[in-house]
Amino acid sequence: MVDRPNKPTALATTPGLPPQPQVNTSHDNSRITAVLPTGESIEVLLYGATVISWKDRAGNEKLWVSEAAKLDGTKAVRGGIPLVFPVFGTAPDHAATSQLPQHGFARTSRWEFLGKSTSESGPADASVKLDFGLSSNTLDDEAKKLWPYTFSAIYSVTLTADSLGTGIVVTNDGDKPFECQVLMHTYLRIKDITQVQVTGLEDSEYVDKVDAAQVKTQSGAVTITGETDRVYTPAQGPAEPVVVSEAGEAVYSVVRDNLKDVVVWNPWTEKAAGIADFAPKDGFKNMICIEAGAVRGWTALEPGDALEGAQTISI
Ligand SMILES: O=P(O)(O)OC[C@H]1O[C@H](O)[C@H](O)[C@@H](O)[C@@H]1O
């Protein structure tokens, strides 16, 4: 079932029909919220198609968003799930993207809400998918000037009772090839970074961005004891879950589809202190970024080709 936006959907109370997810557009048309009949919810800003909230049925927030994050479209959101495209970081040596701002323009562009799809099943396994679109036609002039390729992107955010999925399809609609990188920069909320272990990256090669981009091999689980900024290419492949545990208990499991890399980022004390919109300053204790993407090297898209990638985070 596909509905158009701007039409708040009342919780279906028709006798005989199970309650359906509720999807609403905010009055100022800046964000979309979806709530499952069982209480789980998400909130997505059209600015960047940034997921800024994901709550379980008890109302516990699963994503970390800085208290100083700008949610008014003046700066990429510090937290939630900013979408990185078409460049990860900056790429001074890659002519086609060298002019772009850090992490590209997807996270600072206004996306269109294309509509929702809901499952027709019972309330216990209801799900909702929100689709967002960005293309060279809707991109602002500044970004278009810096990256003059013809493309379209559809980003889908799917909420189920126990998972959040995000997936992107980028199509080269033009007549010249382009190279790009894509990444879902997920800030997971945790209770205490010192208790966190990340598994699923054992024996994987990684680029250590805090140690002169040296290429290293992970031995054992990842623990965070200082500034951490690593691009892993998991040896186990995308379907092997990357699991975040706290005090020995698994809290998040991230499975990737066609995204070969995983960035693990925590700014720790000094870096967090230097990030203006990072608050509170000790908030790094309550977050870990596990970022699914294809960012080591480039994905080349010939005219007509598409790049598809997705992650599913289960709790
Ligand atoms: O400050 P931002 O542009 O949002 O980037 C935040 C972080 O993103 C990724 O995790 C990169 O690996 C880091 O190097 C970067 O510091």
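Counting starts at 1 for both ligands and their atoms, in listed order.
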Quick one: nearest non-hydrogen protein atom to atom 4 (O) of ligand 1, plus distance? Arg107 NH1, 2.9 Å
Tell me the protein heavy atom at minimum distance from atom 10 (O) of ligand 1, and give that distance in Å. Glu291 OE2, 2.8 Å
Can a non-hydrogen atom of Lys271 be found less than 4.0 Å from any atom of ligand 1? yes
Mutual orientation of the aromatic rings belonging to Phe151 and Phe178 [parallel < 30°, tilted 30-60°, perpendicular > 60°]: perpendicular
Identify, by atom number and element, the atoms of ligand 1 in contact range of Asp229, meaning under 4.0 Å from any of its heavy atoms. 11 (C), 12 (O), 13 (C), 14 (O)
Cut-off 3.5 Å, side chains only: do Asn266 and Thr228 have a donor facing an acceptor? no
Is the NZ or CZ atom of Lys176 positioned over Tyr149's six-membered ring, under 6.0 angstrom from the centre and within 45° of the axis? yes
What residue and heavy atom of the protein are closest to atom 9 (C) of ligand 1, and at what distance? His185 NE2, 3.2 Å
Option of least heavy-atom distance to atom 3 (O) of ligand 1 (set: Lys75, Gln102, Glu227, Arg230): Gln102
Provide, to 0.1 Å, the distance between atom 11 (C) of ligand 1 and the closest protein heavy atom, together with that atom's residue and name. Lys209 NZ, 3.5 Å
Classify the ring geometry of His94 against Trp298: parallel below 30°, tilted from 30° to 60°, perpendicular beyond 60°. parallel
Proximal atoms of ligand 1 relative to Arg78 (non-hydrogen, under 4.0 Å): 1 (O), 2 (P), 4 (O), 6 (C)
Take the angle between the ring planes of His185 and Trp265 and call it parallel below 30°, perpendicular above 60°, tilted in between. perpendicular
Of Trp111, Trp147, Tyr155, the residue whose pairing with Phe85 passes ring pair (Phe, Tyr, Trp, His ring centres under 6.0 Å): Trp147
